[in-house]
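The block underneath contains the structure these notes are about, expressed in structure tokens.
Here is the naming used below: chain letters follow the sequence lines, and residue numbers restart at 1 for every chain. Keep in mind it's a predicted model, so treat the numbers as computed, not measured.
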Number of protein chains: 2
Amino acid sequence: MLKLSTKGQYGVRAMFEVAKGYPDVPITIKEISKRQDVSVAYLEQILNKLRKGGLIVSVKGPGGGYILSRGPEAISIGEILLELEGPVAITACQDPASGCVRVDGCVTALLWKALGEKIEGFLRTITLNDLLNGSLREITKVGA
Amino acid sequence: MLKLSTKGQYGVRAMFEVAKGYPDVPITIKEISKRQDVSVAYLEQILNKLRKGGLIVSVKGPGGGYILSRGPEAISIGEILLELEGPVAITACQDPASGCVRVDGCVTALLWKALGEKIEGFLRTITLNDLLNGSLREITKVGA
DNA sequence: ATAAACTTGACAAAATTACTAGAGTATTAT
DNA sequence: ATAATACTCTAGTAATTTTGTCAAGTTTAT
Ligand code: FES
Ligand code: FES
């Protein structure tokens with residue numbers, strides 16, 4: 001349960017590769033495709049969204065590619081996923097785009113809201129930098 | 001992102017209704033259907049899974065229905081969802097049923113693992129009792 | 001016996017995901 | 001200029017998952 005679609009997963013892995021080149025080496029889609037084993041066509045879609053979201057900038061022409069638009073310590077996993085998959089919305093009722101009529105009388109509304117906030121809070125604290133320098137190992141040790 | 005399927009949502013709401021009758025009033029599927037506005041046929045599927053998982057017991061014959069097999073303070077939301085949707089598995093790589101070859105070399109493996117544990121930890125702490133007596137309001141106030 | 005109520009497995013419509021295809025635009029090295 | 005590199009964008013589609021429905025049972029209280 002609570003799966004993340006491949007788009008989000010690939011997106012994070014792609015951003016990791018782009019982060020490696022920060023601040024001055026553009027990474028091409030082709031290179032990301034090779035290193036992370038995701039098709040070029042699919043990555044185009046993903047990186048395009050991330051670019052529109054302002055997380056990366058593209059450099060055209062030979063020697064071009066993608067570069068982070070901010071330092072890796074300033075880009076959280078949460079932001080990446082938000083751009084690719086929209087806000088955390090455990091249930092349709094929690095999704096601002098859908099909404100629910102009976103939300104007031106529903107016993108579980110608070111539950112899903114709390115869970116969603118928990119998740120978002122966590123994802124906001126992890127940045128690309130944590131992926132780059134492997135500091136996640138300690139976080140996982142601390143546990144819940 | 002990170003949606004919960006309706007099966008899980010309905011399951012929790014159904015368990016909430018069953019919990020109301022604990023320890024001695026069996027709740028029928030028909031009654032749950034009415035109160036939570038979910039079709040009888042679909043609830044059959046859901047409650048059947050929960051029964052097989054040992055969370056509820058069924059009482060047959062007239063006056064029958066479903067009863068919690070343990071007190072509402074001893075049944076967590078996590079257990080309900082586990083039965084209906086399997087373990088939390090943010091990515092296929094984290095799913096014991098699928099697995100991933102490159103798990104050792106993958107930078108994001110730890111990230112998804114940590115997130116999954118965070119979520120499971122949270123869901124384990126919330127029980128049906130919390131839904132019954134509205135204590136969730138305080139939990140959400142505390143925040144992340 | 002009879003009706004209430006649960007049990008089970010098969011099946012199908014609908015939605016979502018996970019891509020692929022292909023044509024187009026911009027930039028730069030030579 | 002021009003060829004080569006590289007990003008940009010819109011559709012379309014096959015596979016999968018979700019979300020149910022249906023119908024024919026079985027069990028039990030009265
Ligand atoms: S049914 Fe919408 S919040 Fe519970
Ligand atoms: S690709 Fe399997 S763990 Fe990252």
Pair A:E117 + A:K113, salt bridge at N-O below 4.0 Å: yes

Chain B contact limits on DNA chain D, taken 5' to 3' with a cut-off of 4.0 angstrom to heavy atoms: D:dT19 to D:dA29

Charged N-O contact under 4.0 Å between A:E31 and A:R35: yes

B:T127 side chain to B:N129 side chain, donor-acceptor N/O pair below 3.5 angstrom: no

Proximity to DNA chain D (any heavy atom under 4.0 Å), residues of residues 61-68 of chain B only: B:G61, B:P62

DNA chain C contacts among residues 1-31 of chain B, heavy-atom distance under 4.0 Å: B:I27, B:T28, B:I29

Residue pair A:Y66 / A:V59, side-chain heavy-atom distance below 4.5 Å: no

Check: A:P87 and A:L82 side chains under 4.5 Å, non-hydrogen atoms: yes

With A:E44 via salt bridge (charged side-chain N to carboxylate O under 4.0 Å, His left out) - residues at least two apart: none

Salt bridge present between A:R70 and A:E79 (N-O < 4.0 angstrom): yes

Pairwise side-chain contact, B:V57 with B:R51, heavy-atom cut-off 4.5 Å (strictly under): no

DNA chain C contacts among residues 48-60 of chain B, heavy-atom distance under 4.0 Å: B:N48, B:R51, B:K52, B:S58, B:V59, B:K60

DNA chain D-proximal residues of residues 32-47 of chain A, any heavy atom under 4.0 Å: A:E44, A:Q45

Side-chain heavy-atom pair B:S69, B:I56 within 4.5 angstrom cut-off: no

Contact check, side chains of A:I119 and B:L115, non-hydrogen atoms, under 4.5 Å: yes

Nearest-0.5 Å distance that lies between atom CD1 in A:I126 and atom CD1 in A:I80: 11.5 Å

Nearest heavy atoms of A:L55 and A:M15, plus distance in Å: CB-CE, 3.9 Å

Residues, nucleotides or ligands: over 12 heavy atoms within 6.0 Å of A:N133 CG: yes

Interatomic distance, A:L132 atom CG to A:Y22 atom OH [nearest 0.5 angstrom]: 12.0 Å

Heavy-atom check, side chain of A:I77 versus side chain of A:L131, under 4.5 Å: yes

